[in-house]
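Below is one structure, written out as structure tokens; comments come after it.
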Amino acid sequence: MSQFLQVLLSGLATGSIYALAAIGFALVWQAAQTVNFAQGEFVMVPAFFVLIGMGFFGMPFWLALAFGLALSMLVLGYAFKKLIVEPILPHGGITLIIATMALAILLKETVKESYSAEAQPFPALFSNAPMNFFGAAVSIQDILNLIVSLSIVVVLTLFLNRTRTGRSMQAAAQNPAVAEILGVNVKRMVLYTFLINAALASLAAFLITPVYLAKFSNGETIGLIAFIAAIVGGFNQIRGALVGGLLIGVLDNLTATYVTAQYRAALPLVLLIMIILVRPQGIMGTSEGRSV
Amino acid sequence: MKKSLAAITAVLLAAGSAYAQDTVKLGMVAELSGAGAPAGTNWRDGVKIAVEEINAAGGILKKKVEVTDYDTQTDPQVSRAMVQKAIDAGAFAILGTVYSGSTLVNMLVAQQNSTPQFVGSEAPTVVQKGNPFVYRTSSGAQKGIPALTPYFKDTLKAKKVGVAWVNNEFGKGGRNVFVEEMKKAGIEVIADVASEQAQTDYASDVAKLKQANPEAVFVYMNQEESARFLIEAKKQALPMPLIGEVTLTEAKVIELAGGAAEGAIAHVGVTATATDVPGIGAFAKKFEETFKRKPTHDAIKGYVGAWATKYVADMVGKLDGEAFSKKILGLCLKAADHPKILLDTCWDKTGEMSRPSFMVQVKNGAPVVIGTVPAN
Amino acid sequence: MMAGKWRWLLVALLLAAAVAAPLGQKSYIVYVLTSWLVFAIAAMGLNLTLGYAGQISLAQASFMAIGAYVTALLTLAGWHWLIATPLALLACFVVGLLLGYPALRVKGHFLAFVTLAFNTLVFLVLRNEEWLTGGSYGLSGMPRPDLGLFTTMRPLPFYYFTLAVTVIAALAMWGIVRSPWGRAFRALRENPIRAESLGLDTRRITLLAFAIGSAYGGLAGALVTSLVQFIEPASFGVGHSLRILLMVVVGGAGSFFGPFLGSGVVILLPEVLRFTEGYYLIIYAVLVIVMLIYAPEGLIGIGARLKMKFFSRSQVRADMSQGASLK
Amino acid sequence: MTAPVLSVRNIEKRFGGIRAVRGVSFDVHKGEILGLIGPNGSGKSTLFNCILGQLVPNAGEVAVSGRDVSGMRPSDLNKLGVGRTFQQLSVFPRMSVFDNIILAGQEHRGTMSSRLFGAPDAGLTQDAERMIAFFRLTHLRDELAGSLSYGQQKLVDAAMAFMAGPSIVLLDEPAGGVNLTMLAHLKDRLVTYNAEHGTTFVVIEHNMEFVMSLCTRIIVLAEGAVIAEGTPDEIRSNQTVIDAYLGG
């Protein structure tokens, strides 16, 4: 029983990180029809920005975090939109997909060549010291992962539905032409989405890197899982990405524990294929805006 | 026109080789990019230091040593091409590769060209294919892991053990040898936990081991996987000793795992922490001065590979792959006579290596030698 | 008409160059040239699926794997390569049909993910089913095809063997793309709804686009088996599918000669950029992105554009005369 | 009496709670040019898509020459002699005009294997050139269809619909966005084709003048139901129709 609880709770903690990456992914998709194959690298890079801040500029950890966040929003948010998405999107979705794949290679190799090919330790934001929870070890880090991602969903949903900017962003995402007529600055709204995505990716990076370590190749796993979470949960719903992330995190751990470790990597993939074929709008998704 | 081009090329090449008379070329083929880059770059840097030293000591057969780097991109097929390229360029010997998956592919090429090849790979199969030109620079898993058996059997007196391994050709090889060894020693393996390469979440792996509750766990993974495993093991307070082969107590793993590595034990073929051994201490110091980081196991392997090339070639007295092979198979080098080989080292008739090794434990954040294991 | 003639002359010249290229070269160059041909075949197949039929696939490496493993297992069991390979192609064709089914329901990025997932699943099966595939140790010792008087054990004969296979494969592809099927593939890419309304069974043609493209992947795999004589699952991962995809895009998706150019660039670039040491992948990625911004139609497209510029004067006049006759 | 070329019975289509088409029935006979008109949102396009297999109706049947084709896929319907054009531009832009036209005929010739191993043009070159010449597009034969003007693309679209020699062609707003010269040319071609081949047309159109001068019979839809039917002159003077158009 304690084993089951352990696996369940750890799965939720891991899944909440997947969810953060998946939410940003879904947002960018809605706002700019951009499928970002470099999303995993977007979670890898901010950790290195922080390490550069501390190692190269000698910043204290908290300042380096702020530096990492700002630099991520600049590079992975603003520059990504301006230099890659804007010029390539008119050439079509598949072209953009391929460009983001090339971007993934670029980010990985740049980090590897300019920083290090080896994994790097990363200071913890919160203690990883375990607490006993009915026989399962749970750390403050785990709990905070969950709380942070839940709060993000709540805050983002409130922001998108209750504030003027949020509603403008939604309008810009759903019908850019009409939004433009209504006086919404569509370009700016789309830019906000990219900035939010970069911020969420940074947050995910700061939360997991202490445990997963900073390594140039980390994005490969996280990126794929984030896509799967977004698709399984429902591309056009923020809470769908959350559900998808948690579901994948838990199912992955349960499979590895009780079914097969050899094929644990297969489960999310099979789930993905099934969802795409049976319910392409995702578990939580609604079918509108999902015409393929 | 093509023909004349070929002719010109031939003339140029002939000129090149005439010029090359007074140098010995070595092909350093390793994983400089891709997933294997950490291992490959350390291997390369170990080779670099060795080659500088060899040249300072007069080179091989009094000729200057020239080493060229070839990047396999951690891709077996590219590695095959790179070994071919190195041999085409006139390399007398190949140093590399580290990843067994690559070595198994590219060693065919070196064999076809009778080119001696020192590899950093530890998968058992590398020396089981009857290839007389491939030589290890550390003991293979089928040598290293049996050296651990007495530790499980006599020191820990374990009856039930677990094994956690990374499911690639490296981990699988180690795991198979371990399970076989335990069977022979009459120890039951009650938990057999496979994990993926580059896996990040080890919660279920550790939970399974905790549930099975063996008396000790053998951990056989690559560096950062080992670190992540240790972090999770500490979190879930896995109570039994964690014992590894080589990787588990490496400086990098300790750095990454932080306090979580405390108490981990490993059998290490040759370790930079064994600074009591004069050659190792000197190498570690020089490496740290040159590259501003601690040498890893792979760096020492590259270093030993390059020096072994020199020692054996000097003994043979000419640059002849066939003669080199005849000489080294079954050869023992004493550290007293050949200090840069670091420890008394023997190669058997398959190219497998044996030499004394160490048991190491992480204490106060640093690996400490807790015992030596004689060559087996 | 002139253009057609020039094109054939160009093809003949290229073929002559392909025959002459390895002469007097060292084994390494021959090996690189052979891998170029092998990847050109794989890219040619993906070009049919992606370039002509417009269906993205990130699974081409997995079909190379299926082709390579089927050929390896059969040749190790004593079958001749020439018998094993058609069976491998058939296997790839059938599996390709199956992979095509999701494409009937989803397009674009969803299809990209389904195929990507498929590639990883194939990798897992190859690694885990050790009894059949040798697991992560792979399979080795496969014989190279022995054609009686012509044995391909040495690098140079094997290169010519691969060249012959490539030429046959290219001719077959040429036949396909200029046949009504080829037109149907392009129609599927351009406007599937219109194609369906003109009597084209778009479902069948979608499945065929995957199946034929996959069979070409299988052929490349069958050649890899003989070329490397050692296969293991990691050589056929998602990263390799991405590499083949980039070959198609860099060369020019939907153009017949694009895959040859693209695979050449991807295979040879590390050589050309050797002086940059570890940075070549960075440079490569930047070049790809820049190309996608300014010339998404690939290198062949850039070539065509340059040609247009070169002949631009006469071109404009032709347009004007046509514009005049409109009334 | 022979069965009508197209027979529509009680077609019903709902989107959520909205009844877009409410039990529409009509017949079209050989050689007729039937106009289908109605204000925006009257259900014309939905009805069209239900007939053509693009949408699955909630109820009702469609028969072509007496054969029930309900639920049939568009490609199979086309093989039974039902051609169509599209409201939006619907050519294959990166294929030549010639290839566009050949494609429109090739699936009606031979078998799957003859289309792979047989002649690249499926033996259609002469037919295609005749069709291209009929629409006076010969000078554009080798141009990419996407590079043509809007009106020219409409002509290519129509030529494709005719290429397989259909018994009935459904034209979805053929006049939309086409300039007057081109429109006259298009109408002339349609009338000529109808006269020469006896092909039946069903036309959805907003351009009243075009419909009135082209069609032999007109059906008026409003809010998903038929509100009037008759010759152009009858429709012109029908009060219900006038009310519907004026937002009554």
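Numbered from 1 within each chain, the chains take letters A, B, ... in sequence-line order. This is a predicted model, so every value here is computed, not measured.
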For [X], is it the side chain, the backbone, both, or neither that has a heavy atom closer than 4.5 Å to a heavy atom of chain A?
X        : result
C:Ile283 : neither
C:Ile289 : both
C:Leu104 : neither
C:Val114 : both
C:Leu287 : neither
C:Val125 : both

Euclidean distance, C:Tyr279 OH relative to A:Thr110 OG1, rounded to 0.5 Å: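 It comes to 9.0 Å.
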
Distance in Å, C:His109 NE2 paired with A:Trp29 CH2, rounded so as to fall on 0.5 Å steps: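 Reported to 0.5 Å precision, the distance equals 4.0 Å.
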
Partner chain A: residue of C:Leu111, C:Leu124, C:Leu50 with the largest heavy-atom pair count (under 4.5 Å):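 Of the options given, most contacts go to C:Leu124.
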
Top contributor to chain A interface from C:Tyr101, C:Tyr294, C:Phe123, C:Phe113 [non-hydrogen pairs under 4.5 Å]: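 Of C:Tyr101, C:Tyr294, C:Phe123, C:Phe113, C:Phe113 has the most heavy-atom pairs under 4.5 Å with chain A.
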
Derivation and outcome, side chain to side chain contact (heavy atoms under 4.5 Å, CB included), residues A:Ile94 and C:Val249: CA-CA 10 Å; A:Ile94 290 187; C:Val249 173; over 6 Å; no

Side chain, backbone, both or neither of A:Leu106 within contact of chain C (heavy atoms, under 4.5 Å): both

C:Ile193, CD1 atom: more than 12 neighbouring heavy atoms under 6.0 Å: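 No - once you tally the heavy atoms of other residues, nucleotides and ligands closer than 6.0 Å, there are 12 at most.
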
Top contributor to chain C interface from A:Ile105, A:Ile97, A:Ile98, A:Thr95 [non-hydrogen pairs under 4.5 Å]: A:Ile98

A:Gln262 backbone acceptor or donor facing C:Arg127 side chain under 3.5 Å: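 Between the backbone of A:Gln262 and the side chain of C:Arg127 there is a qualifying donor-acceptor contact (under 3.5 Å).
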
Side chain proximity check, A:Leu224 to C:Leu116, heavy atoms < 4.5 angstrom: yes

Using every non-hydrogen atom in the two residues, find where [X] and [Y] come nearest and quote the distance to one decimal.
X        : Y        : answer
A:Glu109 : C:Ile282 : CB-CG1, 3.4 Å
A:His91  : C:Ile293 : NE2-O, 3.0 Å
A:Leu272 : C:Ala117 : CD2-CB, 3.8 Å
C:Val288 : A:Ala102 : CG1-CB, 3.8 Å

is_close_aromatic(C:Phe110, A:Phe227), centroid dist under 6.0 Å: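 Here the rings of A:Phe227 and C:Phe110 have centres that are no less than 6.0 Å from each other.
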
Side chain to side chain contact (heavy atoms under 4.5 Å, CB included) evaluation trace for C:Leu121 with A:Ile273: CA-CA 11 Å; C:Leu121 289 174; A:Ile273 294 178; 4.0 Å; yes

Working for side chain to side chain contact (heavy atoms under 4.5 Å, CB included), residues A:Met101 and C:Leu245: CA-CA 10 Å; A:Met101 289 172 181; C:Leu245 181 76; 3.7 Å; yes

